[in-house]
Amino acid sequence: MQDLKKGRLIIASNRLPVILKKSIDSSYKLSHASGGLVTAMTPVLKKYSGVWVGWAGNYLEEDVGVNELLKKEEKDLNYKYRPVDISLNDYELYYKGFSNETLWPLFHNMPGYCTFKLNSYKAYQKVNKIFAITIMKNLMADDFIWIHDYHLINTAIELRKSGIKNNMAFFLHIPFPPLETFNRMPWRVEIITALLSYDLIGFHTELDKNNFLEVIEALIEDAVFYDKELDITTVVSKNTRHKVGVFPISIDYNEFSTQAESKEVTRITNDIKSSYAGEKFILGIDRLDYSKGIPQRLRAYRSLLAKNPKLRTKIKLMQIMIPSREDIDKYSELKSEIEELIGEINGKFSQLGWIPIQYSYDSLSRTELLAYYRASEIALVTPLKDGMNLIAKEYCAANIDKDGVLILSEFAGAKCQFKDDALIVNPYDEESVVNTIKKALSMKAQEKRKRMENMQNNIKKFDVFWWVDSFLKAVKK
Ligand code: GDG
């Protein structure tokens, strides 16, 4: 792995990987957060010493001894957790409001879901300033600051305003939208200017990077571009230089594949397989989110069963949904829509001893997650838009028997790496999803093996450590 030479790694993300939660007895306990960013960054910080700055949960109104709890958690780690102090009201407006009702849908090119509220934007600026202050309190001269994701775009501009000269980079975990979509945001110039406070700005795909460059060209008058067609482009504006690059995020392949082979995972995999003996098992795992295309997937599955009566009793869709952002109206409405659809499909097609969809709405342990990956013959990863999608990569890494088929949306960043070996679908095209599931169901073992091996080799080579290395190499260039 690349060295940082001098200095430490300072990471900031909206949440810390550990969050304080109130238990039934009213005491606070730390629980481990899940999600794409945490999955990717945890192995990285294990290798470097440094500080992780982020929100640690809603405890501010009470004295819960957060620092002591975090210190205990840090004991065996070579990095420290530093929580930000944000009032609940500000957090709601910044997180629920501007981050998730403005930036998330806008950047996923779903402007119909966006709200544009000035008070949310102001809270976003305020909270980003609090992040900047917390970073400054923990900063040393040679530290490298790496800010993550759409919640914290404005953190660097706040640091720069305070005279901080350290090297700063930003990685966007979600897509970057086309100009026409970005332009709808009233604060488009402020946000793009804030992004140009970083020395390096990283995206998952070429498309995201090109969208970003197009927005700069349209909104920043004096911007000049060098090496526009290369992986790393330089943008010069107001006498400052910024590198812009493509860095497709990944997973710790070895960890996932080794854990997938463990006795415990093998036992649960066999339990799942024997309880569905005779049925081909199709898996959908997603956070509850409208970008993940869950209703569209369910409608395609409904159509598959309607048009192919012989498949009934022979297949099962296991739809696992991980709770997320339920206090935002669009998410609770989506949950109801999904559960109604599942109810309708199960009501219509169930037979004695068989239901078409098994559904769960809960978080899983890593062991259970791996067992579901291993037990399923097909993974349906069909987001309407996704920065990368780590579920697709984890599914392949866990498929040690090499007998699974990945059906992947053409709108997931992961498509760039898997376009030849996954079965690529347009999730809006119901007919094509139906035909692709049929193709996957009848695929020969040899072809499955070949495709899966190719994808596994790709993830093995371009794993999360490769991702960090290529990012840090670009920082030094
Ligand atoms: C964002 C971007 C991009 C989820 N629930 C559980 C659990 N997880 C883990 C999965 C996987 C991760 O969360 C989900 O990652 P995704 O990439 O699929 O999606 P987002 O959370 O939307 O992540 C995305 C990512 O950032 C990284 O840049 O790929 O495009 O939207 O790692 O395993 N893990 C366990 N239990 C759960 O209940 N153990």
Side-chain angles (χ1 to χ4, degrees), residues 11 13-15 17 19 31-44 99-100 103-110 146-152 170-177 202-205 207-208 246-253 255-256 259-260 264-265 268 283-294 318-325 331 360-374 379-398 406 408-409 411-418 459 462-464 467-468 471:
I11 288 185
S13 63
N14 169 52
R15 289 175 188 218
I19 298 285
S31 75
H32 287 257
S34 57
L37 194 151
V38 172
T39 309
M41 291 314 292
T42 304
V44 174
S99 298
N100 285 321
L103 293 177
W104 175 273
L106 191 80
F107 280 32
H108 281 84
N109 206 3
M110 297 177 157
W146 189 357
I147 308 286
H148 288 264
D149 229 359
Y150 60 103
H151 317 87
L152 301 180
F170 179 81
F171 187 79
L172 184 69
H173 289 257
I174 64 173
F176 195 87
F203 299 95
H204 287 303
T205 68
L207 179 66
D208 299 320
V246 175
F247 310 95
I249 204 167
S250 196
I251 55 168
D252 182 346
Y253 180 88
E255 185 180 285
F256 271 92
Q259 284 177 2
E264 186 60 1
V265 172
I268 305 175
L283 182 68
I285 297 191
D286 318 80
R287 256 190 327 98
L288 171 66
D289 201 290
Y290 46 80
S291 66
K292 303 289 180 186
I294 306 169
M318 177 79 203
Q319 178 60 53
I320 298 171
M321 218 157 62
I322 317 294
S324 178
R325 306 177 196 167
Y331 286 73
S360 115
Y361 182 66
D362 204 356
S363 294
L364 301 175
S365 68
R366 173 68 77 85
T367 311
E368 290 166 322
L369 183 75
L370 287 166
Y372 278 112
Y373 287 150
R374 267 192 71 181
L380 264 180
V381 181
T382 54
L384 304 179
K385 189 73 190 157
D386 216 328
M388 175 54 66
N389 196 297
L390 294 180
I391 298 285
K393 295 192 172 180
E394 292 168 12
Y395 174 71
C396 295
L406 173 65
L408 181 64
S409 162
F411 305 116
K415 176 239 171 172
C416 302
Q417 281 162 284
F418 297 151
I459 310 166
F462 302 109
D463 67 1
V464 72
W467 175 74
V468 180
F471 196 85

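Numbering of ligands and ligand atoms starts at 1, following listing order.
- When the salt bridge (charged side-chain N to carboxylate O under 4.0 Å, His left out) test is applied to Asp149, no partner is found at least two apart in sequence or on another chain.
- The N/O atoms of Asp386, backbone and side chain alike, include one that comes under 3.5 Å of an N/O atom in ligand 1.
- Under the 4.0 angstrom criterion for non-hydrogen atoms, Glu368 is not in contact with ligand 1.
- Atoms of ligand 1 found under 4.0 Å from any heavy atom of Ser363 (numbered from 1 in listed order, with element): 38 (O).
- Close approach to Ile391 involves these atoms of ligand 1, each under 4.0 Å from a residue heavy atom: 10 (C), 18 (O).
- Atoms of ligand 1 lying under 4.0 Å from at least one heavy atom of His204, given by number and element, are 28 (O).
- For Phe107, the closest heavy-atom approach to ligand 1 does not fall below 4.0 Å.
- Atoms of ligand 1 found under 4.0 Å from any heavy atom of Gly387 (numbered from 1 in listed order, with element): 30 (O).
- Residue-ligand proximity, Ile249 to ligand 1, at heavy-atom distances under 4.0 Å covers atoms 27 (C), 28 (O).
- Between Tyr150 and Asn100, the side chains place a donor N or O and an acceptor N or O closer than 3.5 Å (distance only, hydrogens not considered).
- Not a single donor-acceptor pair under 3.5 Å links the side chain of Trp146 to the backbone N or O of Phe170.
- Contact check on Glu394 versus Arg366 returns no salt bridge, with no Lys/Arg side-chain nitrogen under 4.0 Å from an Asp/Glu carboxylate oxygen.
- If you look at Tyr253 and Phe462, their ring centroids are not closer than 6.0 Å.
- Taking the six-membered ring where tryptophan is involved, the planes of Phe203 and Phe176 are perpendicular, since the angle between them exceeds 60° and thus also 30°.
- Counting atoms of ligand 1 from 1 in the listed order, those under 4.0 Å from a heavy atom of Ile322 are 5 (N), 38 (O).
- Residue Arg287 places at least one N or O, backbone or side chain, under 3.5 Å from an N or O of ligand 1.
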*Given His204 and Phe171, is the ring-ring contact (aromatic ring centres under 6.0 Å, His included) satisfied, shown in steps?*
CA-CA 9 Å; His204 287 303; Phe171 187 79; 5.0 Å; yes
